[in-house]
Undergrad: 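One structure, as C-alpha cells, below. Some questions next.
Remember, it's a predicted structure, so these values are computed and weren't measured experimentally. A, B, ... follow the sequence lines: proteins, then strands. Residue 1 opens every chain.
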Number of protein chains: 2
Amino acid sequence: MKTKLFIVDDHFMVIEGIKAMLQDEPDIDWLGHAYNADSCLSFLKYHQPEVILMDINLPDKSGIELCKEVFEKYASIKIIGLSTFNQLSFISKMLDHGAMGYLLKNATKQEIITAINTVMKGKNYLSTEAANMMKKPSIADAPTLTRREIEVLQLIAEGMTNAEMANKLFVSATTIDTHRKHLLEKFNAKNTAALIHLAAQMKYL
Amino acid sequence: MKTKLFIVDDHFMVIEGIKAMLQDEPDIDWLGHAYNADSCLSFLKYHQPEVILMDINLPDKSGIELCKEVFEKYASIKIIGLSTFNQLSFISKMLDHGAMGYLLKNATKQEIITAINTVMKGKNYLSTEAANMMKKPSIADAPTLTRREIEVLQLIAEGMTNAEMANKLFVSATTIDTHRKHLLEKFNAKNTAALIHLAAQMKYL
DNA sequence: TACACCATCCTTTAAAAAGGGGATTTTTTC
DNA sequence: GAAAAAATCCCCTTTTTAAAGGATGGTGTA
C-alpha cells in the first residue's frame, strides 16, 4: 500500500528535488506541496496525507508552530522535520510538538524513504547528523532566569562592565557581580565567554 | 546556443530540484554536478561549463574559497552563489571573489533562468531578497578572520582561558593574547562578552 | 505563617583580560 | 621581488572578572 505524502517547504528547489527523487517510488503517493503554513492547513481540511515533510523555516510561521497545530488537529499524521544543517537547535522543539522524525536537506533518496517507512511504523527517525547535534547543549536544558538576570545577561553581551551596568540599573557593582555569579552557575559556564555563547545558543540573546 | 551549466551543492535535494526544473529548458545544457569543492575542481580540469551554480556551504571548504579558486583558474566561468536566506553575510564575500550572481534556494525556475541569462551577458544578478539583505549593515560587515583567529574565537566561546588555549594550540599565551586583541579590533568589540555576542550573530559560532 | 526565592550589598584574594607598546618569521598577494 | 598580511613572541600596567565567603529585606506562595 502506498504512503500518502505531502510536503511543506518554501524552497521550490527542495520540493522539486524531493519530487524528482521520489516520483519513481512505487510506495509513495505524492499528494502535493505547500509553500507556507497557511496553505498547508487549508490543504489538510480536505485531504489526509499520512506523512508530512515539513521545513522548520516557513515564511508565515515557524515549522514548530505549524507542527504543533497539525499535531493537535490531526494526531494521526506523522510529521518529519526538514532543515539545513545549521538550524538543528530546533529539533527537540519539533519533536516535543509531535514530529516523529527529522531529516537534513542533504539526505539521500534512501534516507528519505527510510525515514518515511520508519515513521509509518510508528517509530521515530532521526538522521545521524541530527542525532549527533541533539547531544549539543540546546534549548532543552536552558535554565530559568529571573527578570534581573536576563537584563544583566543582555547588558553583558553588549559589552558593558559591572560598573557600567551598576550605573545603568541603579544598583551597586557588587549586586551585578552576584547576578553574574548566578548566571555562571545556572548556565554551568566556566567564564563570561562561555556564558554568552551558551546564552546565544539558547536564544536568550 | 545552449548555456553549459554545472552545479556544486552538497544538498542532493537541491541538485535534484534544479535538475528537475531545468531539464526541459532548451537553452540549458546540464553538464552535471559535484557534491564538494574537490570533485568540482576535478571536473573543471576536463570540462568547461559556462555557468556554475555554487552553494556557499560545502563539506570540504567554503563556497567562498572555491569561488576564488575557480575564478583564478578559469576567469571566464560565471559563478552564481546559492544559499538559503540566513547565510547572506557571505554574499559580498562571494561577489568579491569573482561571483557574478547570487540566488536564494527558494528561487523560482524563472529566477534561475533569468540569473543564468543575466550573468551570461556579463552582468551581475542578485535576487531581490539578496539585494535587500545586502543593505543591512549588521551581518554584511562581518570581518574577515584568519584561520587562527577563527580557531581562537571558537575556543574562547567554549570558555577556555588564554593559558588553556596556548597549551592546546602549542603556542605561547602571549600569542593567544595577540589573537584576542585582533579579534576585538576586527569586531570592534569592547570586551570578550561583546565579541562572542557579535560573532554568534554573524554566524561564526 | 513559614519557606523559598529574589534582589540587594559587602569583603578578600587570585586570576584573567584589556590596552599600550614593539618585534620576528613565514606566507600570501600584487 | 617587493609589499602586505598572518602568525608568532615579548614587555608592562591597569582594569575587570572569578571564586568563595556571608548578610539583609522583600515578595509570593504552599
Undergrad: Do A/K168 and A/L155 come within less than 4.5 Å of each other through their side chains, counting heavy atoms only?
TA: yes
Undergrad: I need the full list of salt bridge (charged side-chain N to carboxylate O under 4.0 Å, His left out) pairs touching residues 171-183 of chain A, with sequence neighbours left out, sorted by first then second residue.
TA: none
Undergrad: Using 0.5 Å steps for rounding, measure from the NE2 atom of A/H179 to the OG1 atom of A/T175.
TA: 6.0 Å
Undergrad: Without decimals, in angstroms, what is the distance between B/F187 CZ and C/dA17 C1'?
TA: 18 Å
Undergrad: C/dA7 P sits how many Å from A/L145 CG, rounded?
TA: 10 Å
Undergrad: Is it the case that over 12 heavy atoms from other parts of the model lie below 6.0 angstrom from the CG atom of A/N188?
TA: no
Undergrad: May I ask you to say what A/T174 touches in the nucleic acid, namely base, sugar-phosphate or nothing, with a heavy-atom cut-off under 4.0 Å?
TA: base
Undergrad: Is the A/F43 ring parallel, tilted or perpendicular to the A/F6 ring (thresholds 30°, 60°)?
TA: parallel
Undergrad: Produce a footprint string for nucleotides 15-26 of chain D: one letter per nucleotide, 5' end first; B if the base is under 4.0 Å from any protein heavy atom, S if only the sugar-phosphate is, - if neither.
TA: -SSS-BB-----
Undergrad: Between A/K109 and A/E25, is there a side-chain N and carboxylate O pair less than 4.0 Å apart?
TA: yes
Undergrad: Which residues satisfy the side-chain hydrogen bond (donor to acceptor under 3.5 Å, both in side chains) test with B/T174, sequence neighbours excluded?
TA: B/S172
Undergrad: Please report, rounded to the nearest Å, how far the C1' atom of C/dA17 is from the NE2 atom of B/H182.
TA: 15 Å
Undergrad: For B/Y35, is there any backbone N or O sitting under 3.5 Å from a side-chain donor or acceptor partner on B/D10?
TA: no
Undergrad: Just verifying a value: how many Å separate B/L41 CG and B/E69 CD, rounded to the nearest 0.5 Å?
TA: 5.5 Å
Undergrad: Could you tell me how far apart A/I196 (CD1) and C/dA17 (C1') are, to the nearest whole angstrom?
TA: 15 Å
Undergrad: Is B/E164 salt-bridged to A/K190, cutoff N-O under 4.0 Å?
TA: yes
Undergrad: Ignoring backbone atoms, test whether A/H179 places a side-chain nitrogen or oxygen under 4.0 Å from the OP1 or OP2 oxygen of C/dT8.
TA: yes
Undergrad: Rounding to an integer number of Å, can you tell me how far A/L169 CG sits from C/dA7 C1'?
TA: 12 Å
Undergrad: So does B/T175 get a side-chain nitrogen or oxygen closer than 4.0 Å to the phosphate oxygens (OP1/OP2) of D/dC9?
TA: yes
Undergrad: Take the protein atom CG of B/L195 and the nucleotide atom C1' of C/dA17, then report the distance between them rounded to whole Å.
TA: 12 Å
Undergrad: Residues two or more places apart in sequence or in another chain: which of them pass salt bridge (Lys or Arg N to Asp or Glu O under 4.0 Å) with B/E149?
TA: B/K186
Undergrad: Scan residues 148-158 of chain B against DNA chain C and write down, sorted by residue number, each residue with any heavy atom closer than 4.0 Å; if none is found, say none.
TA: none
Undergrad: What string of B, S and - do you get for nucleotides 25-30 of chain C 5' to 3' if you count protein non-hydrogen atoms under 4.0 Å?
TA: ----S-
